[in-house]
Amino acid sequence: MRVRFAPSPTGALHIGGARTALYNWLLAQQAPENRLVLRIEDTDRERSTPENVEQILDALGWLDLNWDEGPIFQSDRADRHREVLAQLLENGHAYRSTATAEDVKAYKQQHGSDRGFRGTPEDTGAVRLRVPDTGATVVGDVIRGDTAFEHVHLDDPVIARADGSVLYNFAVAVDDLDAGITDVVRGEDHLSNSPKQLLVFEALGVEPPRYAHLPLLHGPDGKKLSKRHGAASVQELRDAGYLPEALRNYIALLGWGYDDETTLLSTEQMIEGFRLERVSRNPAVFDEQKLRWMNGRYLRELPLDELTRRLEQFTGRSGIEGAVSIAQDKMQTLADFEPLCAFIFDGPADDAAAFDKVIGEDGGAENLAAARAALAATEPFDHEHVETALRGVVEERGVKPRQVFQPLRVALAGSTVSPGIFETVALLGRDETLRRVDEALAKTTA
RNA sequence: GCCGCCAUCGUCUAGGGGACUAGGACGCCGCCCUCUCACGGCGGAAACCGGGGUUCGAAUCCCCGUGGCGGUACCA
């Protein structure tokens, strides 16, 4: 089996494209003889650089992937395309015509909808492929079964411009043929174009590949997923702090289920269990909430040093392992780290409302002062002893735990939200903790 | 307009004639845990688009309707 990966030419890989790529990749991994061929479907070489391709792979965490062949650029194959084009012109399967889109429209107006456009050969003009007058072209789809397109409904498609440059539907067929592609897995938006490609194979007298058209991905409003739905490319998702492994897991499930109850699955499980025939036929809605949840699960399972490494790369900070260790359970994406932990490095946030509400309230300052005194005497200054000391304050003053912990939290973080208070205090250390508490206390008397 | 694809909880899905009182997951609601926010645990509400067939029996098969989506470029 030879499958292909034809990423978006812009380099900003759409989530739908990422899923197609993932499925192709899974198929290629399932048997040692299977091959994955990278093909760039673009006539503009400038927009489709190897760097773009690398960016895409990086977003999916597949940088270690070894491509069997490629990338094959459509723009590099112009000579071969012209050669095949000449062959088709020669044997009468194609002809030149100056008919424009308006001419085709007028033709159909005149002949009714049950008769596709058939031009008359001329010396110049665009090249059209001759569609047989009768019969039908059947697209055998692994996911959907057979779909027949009656030839009477098909217009002779233009396969090359007047200047001889070829069009997508022709080029892709020739390239797939030459690359020996056996299985084409792509988005459903290509289904209606399939007969054009099949007709090219037919005209060439060769066996076409098998096809599998994946359902499209929609945004929450049911429309085709696009920029206006927020993050629509895997790079954007990566920038939003999602892990490649979570992305892979989530995307794989958009149109396919491992079994009746498994949601979290490893790449190995995906390779083992993926079946093209079992891919869903209906469009899926991209739901970032579920991705967030799943990302949180993967985040929590990461070893501390690995998560630290990724967060250092993501935030540009260093020496954050301590903060990572006390925040890991509270994050869903890498982007959650900053708002939760920036205070540890940059000092308390300036949230006057939180300050007034918690420290300015009845007994807040007094409880904070008591906590300060207890912490000043805590030795050694670690999680365990800090907790003992602070719980002692609670007991001593006969108040609720939160009446002591919240003022302290606000004094240290400047916010009512932070990692656990004992861990935070222990991490900051005695000097820094007391300094921040004193600063807060000073503000209450001022 | 024409051609085509699709149709199970709000969302992703399991289901391929009796195992369905329709299963799992996210989200939502409630309870528990609890120093905040989370995590975690327990419980709950929530779906077979409509109508005809076929069959002893239909979420599953067929037809029609409706709806959604895609294609219909000298774009890819």
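Both backbone and side-chain heavy atoms feed into the values below; hydrogens, waters and symmetry mates do not. Lettering follows sequence order; numbering is per chain, from 1.
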Heteroatom pairs (N/O) under 3.5 angstrom, protein to nucleotides 25-31 of chain B:
{"residue": "B:A25", "atom": "O4'", "partner": "A:Thr263", "partner atom": "OG1", "Å": "3.2"}
{"residue": "B:A25", "atom": "N3", "partner": "A:Lys290", "partner atom": "NZ", "Å": "3.0"}
{"residue": "B:C26", "atom": "O2'", "partner": "A:Lys290", "partner atom": "N", "Å": "3.3"}

(Q) So if I take every side-chain heavy atom of A:Ala101 and compare against B:C74, B:G71, B:U11, which nucleotide ends up nearest? (A) B:C74
Q: State whether the distance check finds a donor on one side and an acceptor on the other, under 3.5 Å, for side chain A:Arg144 versus base B:C5.
A: no
Q: Record whether the side chain of A:Ser192 comes under 3.5 Å of the base of B:G70 through a donor-acceptor pair of N or O atoms.
A: yes
Q: Would you mind telling me which of A:Arg82, A:Arg80, A:Arg77, A:His81 makes a side chain to side chain contact (heavy atoms under 4.5 Å, CB included) with A:Val166?
A: A:His81
Q | Pairing partner (Watson-Crick or G-U wobble, both distances under 3.5 angstrom) of B:U60 | A | none
Taking only distance into account, with no hydrogens and no angle test, what donor-acceptor pairs under 3.5 Å do side-chain atoms of residues 346-355 of chain A form with protein atoms, sequence neighbours excluded?
{"residue": "A:Asp346", "atom": "OD1", "partner": "A:Arg317", "partner atom": "NH1", "Å": "3.4"}
{"residue": "A:Asp346", "atom": "OD2", "partner": "A:Arg317", "partner atom": "NH2", "Å": "2.9"}
{"residue": "A:Asp351", "atom": "OD1", "partner": "A:Ala353", "partner atom": "N", "Å": "3.2"}
{"residue": "A:Asp351", "atom": "OD1", "partner": "A:Ala354", "partner atom": "N", "Å": "3.1"}

Q) Does A:Ser418 place a side-chain N or O at less than 4.0 Å from the phosphate oxygens OP1/OP2 of B:U36? A) no
Q: Just compare B:A76, B:C5, B:C74 and give me whichever is closest to any side-chain atom of A:His190.
A: B:A76
Q.
From C-beta outward on A:Arg281, which listed nucleotide comes closest to its side chain: B:U13, B:C35, B:C6?
A. B:C6
(Q) Please report the distance separating the P of B:A73 from the corresponding atom of B:G53, rounded so that it comes out in whole Å. (A) 42 Å
Q: Look at the side chain of A:Asn193 against the base of B:A76 and say whether a donor-acceptor pair falls under 3.5 Å; ignore hydrogens and angles.
A: yes
Q.
From the set B:C6, B:U36, B:G23, return the single nucleotide nearest to any side-chain atom of A:Asn282.
A. B:C6
Q | For B:C39, glycosidic torsion class - syn if within 90° of 0, otherwise anti | A | syn
